[in-house]
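Worksheet for the structure shown next.
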Amino acid sequence: MNLVEDLALPVLVLAPLVGAVWLLVADRVGESPRPGASRTLAVLAALLAAAAAGVVVWRRPEIELTWIESLGVQLDLGVDGLSAPFVLLTGLMAVVATLVPYHEPLSDARLAEPGGHEKTEPMALGEVVPAPRSLATYYACLLVVVGGSLLTFLTRDAVVFFVAFELVLVPMWVLVARHGDATTRADRDGAAMRFLLFTATGSMLMLVGILALWGATGTTDLVRWAELAGSSLDHGTQVIVAVILLIGLGIKVPVWPLHTWLPWVHATAPTAGSVLLAAVLLKMGAYGMIRLVAAPLPEGLAEVAPVLAGLAVTGILWAGLACLVEQDLKRLIAWASIGHLGFVVLAIATGTETGLQAAIFGNMAHGLISALLFVLVGSLKHQWGGADLGTARAALREVSPRLGFALVLGMAAAMGLPGLAGFWGEWGAIYASWAPGAGRTEGWFRFFALLAALGAVLAAAYAVRVLREVWAGDRRSPAIRDVRGTELGVLVVLGVGIVALGVYPVALLDLTAPAVEGIIATLGVGP
Amino acid sequence: MTLELNISVLWPVLAPALAAVVVLVLDVLWPRGGAVHLWLAAVGLVGGAAATWPAIAQGAGDATGAFCLPSGSCLYAASSLTGGLQLLALGSALVVLVLTWPAWSRAGRGSATSAPTVVLVALFLAATAGVTAVPAARDLGTLLVSLELATLPVVALVALERRAARYRGAVAGAVALLTTSLVSFALLALGAALWVAATGTALLSPEAAAEAAAVPERSALLLLAAVLVLAGLGFKISAVPFHAWTPLTYATAPLPVTTYLAGTSKVAALGGMIVLVQALAGTSGFALVAVAVIAALTMTLGNAMALRQVDLVHLLAWSAVAQAGWLMLPLASLSSRAVHAAGGYLAVYVVATVLAFVVVLTVARRPDGGVLLSDHRGLARHQPLTAAALGLALLTLAGLPPAIIGLVAKVVVLRPVAADGTWWLLIVATLNIALGIAVYVRWLAALIERTAGEEVLVPAPAAEAAAQTQPRGDRGATAAPSHAAYQMPVRHRVLIGALAALLLLGSIAPVGIF
Amino acid sequence: MTRAVDFPWPDWELPTLPLPGVPDIPIPDLPGTPAQAAVLLAGAAGILGLALSKRSSRTAAWIAIGSAGLVLLASLWQMYSLHEAGDPRISTTIGPLAFGELVVPLELSASRLSALVAAVVGLVALIVQVFARWYLWFDPRYRQFSATVSVFTAAMLLVVLSNDVLLTLIGWEVMGWCSFLLIGHLSAKDSANRAATKALLVTRLADVGFVLGLVALAAGAGTTAIDGIIGHWVTIGSDITVAPGQGAALTLAMVGVVLGVLGKSAQLPFQDWLPDAMEGPTPASALIHAATMVAAGTVVLAQLLPLLQAAAPARVLLAVLVSITIVLAALLAFAQPDIKRLLAWSTVSQVGLMLAALTVVPVGTGPDAAIMHLVSHAWFKALLFLAVGWMGVLTGGTVVRYVVSATKRYRTLRRPVGIGLLSLAGVPPLVGFVSKELVLAQAEHGVQHGAGTAGTIVLAAVGASVPLTAAYCMRAWLILDRGPRRRAVHQPGAQQGHEIIDDFFAEPEVVEEAIGIEEAESAISSSARSAVAVLGFLSVVGGLLAFTPQLELDLVINLQLLAAALLLMILAALAVWVASRGVGSRDAAARLPVSVSLATERGLGFDRLYRAVVAAPVLRLAHWVQWLDREVLDAYVRAAVPAAKLLGGALEQTHPRRPAPGLVLVLGGVVVLAVIGVVVS
Amino acid sequence: MSPALPLLLAAILAGVGTYGVLARRHAVLMLIGVELMLGAAGLILVTVGQFDIGQVGGDPLASGAVLTLFVITIAAAEIVVALAVVMAMFRTRGDVDLTGEAQTVEAEVPDETSPKMGEVLG
C-alpha cells in the first residue's frame, strides 16, 4: 500500500506526459507507430492516470520539490477537498478522450452535402481531403492536455499553476488546427488561432494578477495565499488584482462577454478535443477563480461580485437565448456550456459556502454532461456529415434509440433536471445568489437569482428544442448506425456518472465541504 | 595615483582580444594559415568563456573589480550577472563562428593568402571582445570604447558579404547600421559630456548621479544627459524609435552575421543599458518611465510589424525588436532582481533566437530552400526533428509551454514590473504576449501544415477507406523526394541539438538562469 | 347567492360512522419506513424497468406492475402504522447534504393526510400501470412508458411525503419532465411533441416562481426542512403571526410558490397546456391529470398551509385566479367538441376547486376538505380517463362525432362512464358529491370565519361550478348515451376475430408502429377491466372516507346550501337536456354559435397569447442575441485582424527603408525622450 | 574667460551637426555632421574639465580631458570604417545618397503580400 501511495502522485502527473513524449518521439524518429498502437498506449497512460487519480484522492499523498530556487517556486503537489473532484474528473476524462474514436476531419467535400448549412466563407468544392496520417501526435496532444490539467489541479504553487495552465494551450491548438472539422481550412485555423489567442491573453492577465499577489505576499504558495486571505493587500489593490484575475480567468471559463471563442472552437475541434475542452479546460478557469480569487482576495471579490454575478447571469440568459436559434448542434452544446458555467461563476461570486459547494458541484456536473453530449454529438456529426439542425434527418428515437436515450439524458441533465447531476449546482447557485455572502448587495443578487431561474427555463426550452428536432419525429432516413462498442461504453459510463451524481450528491459534497469551509472560514481573519 | 589592474578578472575580455591580436600577428608570420585562424578564434572564445567561471561562481551581490581607483570604485567590475552575460556572449559568438566556419574558411580561397579570413576573424573577435567588456563597464570611458568596439567591426562584417548577388544589399545594410550607429554614438558622446558636466565624474556611480540630481540646475543637465545616453544605447538594443536599421541590416547581412547581431550584440546592448539605468535610477523617475515607454512602444511595434512579414529573417528582425522591448521591461523597475530578470530573459532569448536562426540558415541552405515562410511549410514532415527544435525555439520566444523556459522568462521579467505596480505597462506587456503568440504561431502553423505533396485528392466518402487501406510507409516515401536527398551538415545538427537541449533542460529545471 | 333564501334550516354536523375496528396487527421493526420504501421502490422500478427488460415488454410489465403493487402495499401499511403509532413519522433519505450554511436534511415525513394521498397515488398508479399494459400492448415503447410512469409515481410520492422543500422541488421537476415524456410518448406525431413541449415549458416558466419562492423560504429559515421553515416564518397560536418584519418577504415568497402551483395545476393564466396534453396516451392522461401532477400543487400548498394563511395577498391572488379558472374552465369544458378535452377542462376546473378550498381554510383547521376533493377527483377522473380511453380505442377517437351513442354500442362502457360522470357532476351519494359539498361547506365556513373577500369570491365560484359541472356532464352523457340510429350494435371481439389480450403478462409480438389502438379494438384485458371496475367502485362508495378518522373535518354542512346546490344541478341538467333536443348528436353545445365553439376549442386563444407574449418576443430576442453576438461582441475579435493588418500596413508604409529617415527617427526619439523627461520631472 | 563661450560654441556645433545629419543626403556630409556633434561633445568635456563645472573639488582623474581623448580616438576609428563603407556604397550604387532606396535585396525576394493573415487569424 505504501509503495502504491508513494508512486501514485508521480504516476498521475508523469504517466500522461511520458506517454505523450514517447508518442511524439516515436512519431518523429523512424517509422511512425500505427494509429492502433498509439491509441493503445494513450489509453493505457490515461487509465494509469485515472487509477492514480483515484489513489491520490483516496490516500492524499504529497510531494514537495524545489523547482526554481531563486524564485522560491516549489513543485508541491497534492490534493485537498477542492482539487480532488477536479483531479478525478480529469482522470475520467482522460480515459474518455483517448477512448473516443478518432474521426477523420470533415472537410469541405463532405460538409457540402445537400441540406445547406450556414456558410461563413465561399466554399470551394473538391478541396483536397488530407491524407490519413499517423495519429501518434494526436494522442500525444491529448495526453499533454491531460497532464497539464492534472498538474494545474495538483499544484500548490501559483507559478507552477500558471505554467501548467499554459501547458495545455499548444497541444489543444494542434488538436483544433490539425484535426478539426471546418468548412474551410481558413475556418479551422481561425478557430484554432482564436482559441490560442483568447486563452493566452486570458492567462497572461491571470499572470499579471498572480504577479501582483506574489509581490504582495512574497510567496507563491497557494495555501499560504488562502491563509492570508488578502490581509497583505489594501482594499483598492485587492479590487484591481481581483478584476484582472477575473478577466483573465473569465476568458477561460468563459464569462460573458469574453465567450465568443468557445462556440467556434467547439464547432471545429475533434470530439476528444471538445470533450477535454469542455470537461477539463474550462474547469481550470473556474478552479482558478476559486483558488486565485475567492480564497486569496475575498474583499476584492466581494467588491466586484455584483458585476461578476451580473455578467454570469447575462451569460446564462445570452447562452440560453442563443441556443434557441443556433443551427449547429455542436455550437449549441458549446453555448449550453457557457450557460452552465454562468451558474458556476454566479455561485462563486456569492462568496458563501453554499455558493462554492454549488460551484464545484456544477463544475463536475457540467464536466460529465458536456462530455456526454460532445461524445454523442461528435458521433452524430460524423455520421450525418455535419451538425446542422436545419437539415432533415432521421429521428434518433426511431433509428438509433441508444443514441436517442443518451441525448434525452444529456439534455435533461443540461436543463438541470433534479435526479441528474446538473440540478444541484444550478439550484445551489440560485440559492446562494438569493442569500449572498457578506458585503454583497442583497437586492442585486436576488435579481440575479430571478434571472438565473429564468435562464433555467431557457435551458429547458433549448433542451426540448433539440429533442424535438433531433430525437422526436417520424423520419427514418437516412438511417444512421446506433452507437456501439467503445463509444457505447463511454456513454454508459458518463450517463451512470450523471445519474449517480444526481441521485447521490452526498459523496461529492462531503468531499469538498472541508476545503470550502476552510476558504470561507478564513474570510473572517482578514482585516 | 595608482590603478589596480587585476588582470585575472579581465580574461573573458582579454581572451578574444588576444586571439584577435594573435590572429593578426600570425597572418604576418604565416600568410597561408588557412583554417588555423578560425581554430585560434575558437580557442579564444572558449578560453574567454572558461574565464567567466570565477565571476559566475560568485555569490549574489559580490563583484570583482579591475582598474580600481584608490577611492575603491572600479572602472570594470564583474559580478555573477556580468559573468553570465559574458558567457552568453562568448557562447553565442562560438555558435556564430561554427555557423560561418565554411564560409570564412572559403573566404581565403582564390587569393594567395588567408588575409580575407583573417580580416573577418579579427573583426569578429574584436567585436566579441567589445561585447564582453560592455556589461562590466563602470565608467563612461570604458563604456564608450567597448560599445564602439562591439559595433564598428560588425558594420564591417556586414559589409564584407562575399557573394556577389548579395553584396550590393549588404553594403546598403551596412550603411544603415553605420549611419545609425554613428549618430547614436554622437548622441552618446554628447550625453557622456553632459554627464560629466552634471556629475563631475566619468564614473557611472549612482551616488554621483543622485548628488547631481539634488541640485536643480545640475539635475536639468543630468536629465539631458540621460536622454542622450538612453537614445545612444537604444540604437544598440533596437528599441523603437532607434530601430530603423534593424530589418534593413538583418535582411541584408550574411545570415551568420545576422545571428551575431541578433544574439551576441544584444548582450552588449543590454549590458550597457543595465549599467546606465542602474546609475541613473537613483536620480529621478525619468529613466524608469522612459525605459517603460520605450519598452512598451518597442514590443508593440515589433510584434505588429512581425505579424506581417513573410520573409523569416525580416520576421526575426522584428521579433528581435519586440524582444528588445521585453528585455528592457524589467529595467523599468529598478532592483537587483529586475536586473537579474533582464539577464535571465536575455539568456533565454539569445539561445532561442540563435536556434531559430540556425534552423532558418539550415533550411535556406537546402537545395530548394529559402528564407520565406512558404519554404518552411510542412517542415515538420520532412525534417521532424529540426522542425521540433525550431518549434521549441519559437514557443520559447512566444512564451508558451511546452517551452516552459520561455514562459518562466516572461514571468520573471514581468515580476518586478508587477512589484512596482506599473499596471499600464503590465497590461501592454500582456497584450503583447498575445500578439507575440500570433506572430510565432503563424510560423509554427506553417511548420505543421501539410504540403501539397502530402495531401491527396480523395473523393469525399473514400477518405476513410483510404485511411485504412493505404499503409503509412508508402506515403512517407513518396513525400518530397528532394528533401530526402539533402543531408544536413553535421555541425548544424550538433548546433541545433545542443541549443534545443539547452532549452529543454531549462524547461525542465530552469536552474541558475534567473 | 343561495343565501337569499331566509328561513331556518338546520345545519348538519358530519357524523362519525361506526366503523369496524381496524384489526390489530403488530407493527414489526422494519429497517426502513414505508415512505422510504414507497419512493425507493417506484424510483428503482423506473431504472430497473429500463435496465433489466432487454426488449421484453413482459419483464417491463412485471417490474412496473409489481413495484406499483408493492408501493400501494407500502403506502397502505404506512396509513395503518400511522393510525396505530401516531403521526408524523420522519425518515431520512440521502441527506443531510453538506451545502455550506444551508441546512439540508432531506427528510421524508408521513402524516395522516400525506399517507392518505400517498395511498391514493399508489392505487391510481397501479391501476394506470395495469391499464397501460393492455392499452399499449402493441406499442414498441411500452418499456419506456411504464418506466416513465414508475419514475413519475416516485416523484409524486416524493412530493407528497416530503418534509423538505428541496425534495418537493425535486419531485416537482421530475414530474414535469416525466409528463413531457409521457405526453410526447407518440413522438412521431408532431402534435404530441408540440403538446409535450408546451406542457414542459409552461410549467417550467411558472416554476421560476416556485423555485424562487422555495429558495426564499429556505433562505430565510436557513434550512430546507418544511417544519423548520414554517417554524421560522410564522408563529402558530390561536392566530397565525408572521415573524416581525418579514411579512413582505413571506408574501413575496408565497406569491412565487403560488405562481408555481398555478402553473403545475393548470390554473389561469397557465391553464392552456393541459387540454393539449391530451395528446398523450390515455393512461398517461389518467395519471397526470387525476391523482398526480395537477394535484401536486394542492399537496404542496397543504404542506405550507400556515404560510399561505399568513400571507394574505398570496392567498387572495390564488383565490381570485383559481375562482376565475373554475368558472372559465367549466364553461370551456361545456363547449369542447372532444370528450377527452372536455375531461381536460373539467380537470382544470376541479383542481381549481381543491385550491379554492385551501384558500378559505381558517386558521387552526387542516386542509382536509381540499385533500378529500383531491382524493375523490383522483378516483373519478382516473375512472373517466380510462373509460374514455377505452372508448376511444373502441370508437376510433374521442371526438363527439365518433363517440355518439358509444355507451349504447359498447354497453360495457356504460357503467364506468356513467359512474364517472355522475360522480364528477356531484350527484349524491357518489364520492364527487361528498367532496364537492365539503368544499362548498369549507367555503361557506371560511366566509363566516374571516376569509374576507377571497372567501366570498371562492364561495361564488364554487357555487357557480356546481350547475356548470352538472351541465357539461349532462351534455357528455347525452351524447354518449344517444340511442343508436343506424349502425348495428358491435359485439365486442365477436365478428372481428382479433386476438383477445387477456393474459397481460404474455409477450406481445411487438410490431413496428404503435398500431395497438386499432389492433386492440374491443379486446380489453380482464385485468384492465377490473382495474377500471375498482375505480368505479371507489367512485361510488369513496364518499364514506369523509366519515372515517382519516379526515378531520370539523365542518358543518349548511343544508340550505346543499339543497340549493342540488337544485341548481338539476336545473342545469334539465336545461342541457332541453337544449339537446332536436340536435342529431344530442349535443347541447351544437346550439352554440360556431365562432364561440371554435374559440372555446382553441382555449380562447391562450395559445396564441402565449406565443405572442412569451414565445415570439423570446425568439426575437434570441435572434437579436445571435446577431449581437456575431456582429458586435465577436466583431471586436474579428476586427482585430483587419486592425492588425491596417496597423501593420500603416507601420510598414511609414517604416523607413532608407538610412536617412532612420536618422530622423533617432533624433525624433531623442525629442520624445526629452519630452518624457520634462513631463516626469 | 567664462565657460559660457566654449559651451555656446559647443551648442552651436551640436546644432549644426544635427542639422547636417538631418538635412544632408550625401553620406560624407552626414559624416561631417556627426563629426561636428562629436566635436561638440569633446568641447563640452574639455570645458568641463577646465572650468571645473559641477565639481566640488578637483577631479583627480581629469575625466573631461581623458574622455575627450577617448572620443577623438573612437571618432577616428569610426571615420575609417565609415569611409570604407561609403566607398563600398559608392562602388555598388554609383552614388552616396542616403535617401536612396536601400533594400535592393528585396527585389530578389518575391514580396508576397500576406494573404495568410486572414487565414491565420480568420
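In what follows, every chain begins at residue 1, and chains take the letters A, B, ... in the order their sequences are listed. Treat the numbers as computed from the prediction; the structure is a model and nothing was measured.
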Which atom names give the shortest non-hydrogen contact between B/Gln309 and B/His314, and what distance separates them?
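What the structure gives for the nearest pair is OE1-CB, 3.5 Å.
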
Work out which heavy atom in B/Ala127 is nearest to a heavy atom in B/Val154; give both atom names and the distance.
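Where B/Ala127 meets B/Val154 most closely, the heavy atoms are CB-CG2, 3.9 Å.
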
Based on non-hydrogen pairs under 4.5 Å, which of B/Val158, B/Val175, B/Leu149 is most in contact with chain D?
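Of the candidates given, the most pairs with chain D belong to B/Val175.
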
Starting at CG of B/Leu140, measure out to OG1 of B/Thr201 and round the result to the nearest 0.5 Å.
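OG1 of B/Thr201 is found 8.0 Å from CG of B/Leu140.
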
Sequence-distant partners of B/Thr142, side-chain hydrogen bond (donor to acceptor under 3.5 Å, both in side chains), two or more places apart
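For B/Thr142 the side-chain hydrogen bond (donor to acceptor under 3.5 Å, both in side chains) partners, ignoring immediate neighbours, are B/Asp139.
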
Is the side chain of [X] donor-acceptor paired with the backbone N or O of [Y] at a distance under 3.5 Å, no angle test?
X	Y	result
B/Arg166	B/Thr252	yes
B/Arg377	B/Ala446	no
B/Thr249	B/Thr246	no
B/Thr258	B/Tyr250	yes

Which bit of B/Thr151 comes within less than 4.5 Å of chain D, counting heavy atoms only: side chain, backbone, both or neither?
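Neither part.
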
For B/Leu182, is it the side chain, the backbone, both or neither that has a heavy atom under 4.5 Å from a heavy atom of chain D?
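Answer is both: backbone and side chain atoms of B/Leu182 are under 4.5 Å from chain D.
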
Where do B/Thr179 and B/Trp245 land on the side-chain contact (heavy atoms from CB on, under 4.5 Å) test, with the steps shown first?
CA-CA 9 Å; B/Thr179 48; B/Trp245 62 276; over 6 Å; no

With a 4.5 angstrom heavy-atom cut-off, which part of D/Leu31 approaches chain B: side chain, backbone, both or neither?
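Contact with chain B: side chain only.
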
Where does D/Leu67 contact chain B at under 4.5 Å (heavy atoms): side chain, backbone, both or neither?
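Contact with chain B involves the side chain of D/Leu67 alone.
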
Is there any residue in residues 10-21 of chain D with a non-hydrogen atom under 4.5 Å from a non-hydrogen atom of chain B, and which ones are they?
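Contacts with chain B: D/Ala14, D/Val21.
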
Report yes if the side chains of B/Val360 and B/His376 come closer than 4.5 Å at any heavy-atom pair, otherwise no.
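The answer is yes, as the side chains (C-beta and beyond) meet within the 4.5 Å cut-off.
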
With chain B as the partner, which of [options] has the greatest number of non-hydrogen pairs under 4.5 Å?
options	answer
D/Val81, D/Val85, D/Ile74, D/Val80	D/Ile74
D/Val86, D/Val71, D/Leu38	D/Leu38
D/Met89, D/Met30, D/Glu78	D/Glu78

